[in-house]
There are 2 protein chains.
Amino acid sequence: MKTINLNSESLHTAASMLKVLGHPIRISIIELLDDTNKMSVTEIFKALKIEQAIASHHLNTLKNKRILMSERVGKNTYYSVSDPNLISAVNSVRSYK
Amino acid sequence: MKTINLNSESLHTAASMLKVLGHPIRISIIELLDDTNKMSVTEIFKALKIEQAIASHHLNTLKNKRILMSERVGKNTYYSVSDPNLISAVNSVRSYK
DNA sequence: AGTATAAATTATAATAAGTTAATATTGTAG
DNA sequence: CTACAATATTAACTTATTATAATTTATACT
């Protein structure tokens, strides 16, 4: 009988990435960035109509999981999606009601 | 400027599906079922070497989100993945270390 | 009926995540 | 070097998840 090792690191990585993607604000951030490629924190929190600190917090958790990359240009920090596969993960689940 | 509505129902549905997929046991269940198509609770908890109650609990949360379907045959309940898109969502994220 | 097997449910405790508000840091312009 | 704008961090609090153990329900078999 086939058995599975639940302790593999890649399994935990995949799980934590999906879990982090599973939040409405974070999905919306991914979708904004899919459209526009790069956005600053200010652009993002205004587009989502949320507090700056909340945007920053979610951007940071996405960055910690290597879902987003960031680049500082002067006063601004621009975020972008690190890998198009992550957009696919979101899209796979986007058609449900 | 483009703004996003965070309250849309489909956004919350997508988020909760990804969130539910984001757990090592639940990913492993999906992958087992991807291979074998249908498995009973007993087959699943033995393959994963976890408690029966834990398997049942995770199977139920996957079923509540309509990620799995179940069918009772005599004493056994067989679970299967309801939609191949959900396998893609997992696979999109499965290559990271 | 009585017993064994399969699965589900419930309650609880531990851990993790999310929100909010306030404060701190960093960079640029004047 | 001061002030402002942009972002990040921290701390306190609230809520959600998870694992575990114990119990319960359902079906089958003798």
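Each chain gets a letter, A, B and so on, in the order its sequence line appears, and its residues count up from 1.
- Side-chain proximity of K19(B) to the nucleotides dA16(D), dA8(D), dT18(D) is greatest for dA16(D).
- A single hydrophobic cluster is not seen to contain both I44(B) and Y78(B); linkage of ILVMFWY side chains at heavy-atom distances under 4.5 Å, directly or through other members, places them apart.
- Mapping R72(A) and G22(A) onto DNA chain C via the closest heavy atom, the residue that lands nearer the 5' end is G22(A).
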Please write out each protein N/O paired with an N/O of nucleotides 22-24 of chain D under 3.5 Å, distance rounded to 0.1 Å.
none

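- Along DNA chain D, the nucleotide nearest K46(A) and the nucleotide nearest K75(B) are compared for position; the residue whose nucleotide lies closer to the 5' end is K46(A).
- In this structure, K63(A) places its NZ atom 8 Å from P of dT9(D), rounding to the nearest Å.
- Across all strands shown, S40(B) has heavy atoms under 4.0 Å from sugar-phosphate atoms exclusively, and none from any base.
- A donor-acceptor pair under 3.5 Å is absent between the side-chain atoms of R26(A) and the main chain of L62(A), judged by distance alone.
- The side-chain heavy atoms of N91(B) and N85(A), taken from C-beta on, include no pair separated by under 4.5 Å.
- Residue T77(A) is in sugar-phosphate contact alone, with no base atom involved, counting any heavy-atom pair closer than 4.0 Å across all strands shown.
- Panel note: side chain S82(A), backbone I67(A); a donor-acceptor pair is recorded below 3.5 Å.
- Using a 4.0 Å heavy-atom criterion, one finds that H57(A) contacts the bases of the nucleic acid, with or without backbone contacts as well.
- Cluster membership check: V90(A) shares its hydrophobic cluster with I87(B), using side-chain heavy-atom separations under 4.5 Å among Ile, Leu, Val, Met, Phe, Trp and Tyr.
- Atoms CG and CG, from N5(B) and L11(B) in turn, are 8.0 Å apart once rounded to the nearest 0.5 Å.
- Remark: K19(B) pairs with no residue by the side-chain contact (heavy atoms from CB on, under 4.5 Å) rule, at least two apart or across chains.
- Here the P atom of nucleotide dT27(D) and the OH atom of Y78(B) are 15 Å apart, to the nearest Å.
- How far CG of L32(B) is from NZ of K2(A): 6.0 Å, rounded to the nearest 0.5 Å.
- Rounding to the nearest 0.5 Å gives a distance of 12.0 Å between CD of E71(A) and OG of S40(A).
- On the nucleic acid side, DNA chain C has its first and last nucleotide under 4.0 Å of a heavy atom of chain A at dA17(C) to dT28(C), going 5' to 3'.
- At the heavy-atom level, Y79(B) lies under 4.0 Å from the strands shown only through sugar-phosphate atoms.
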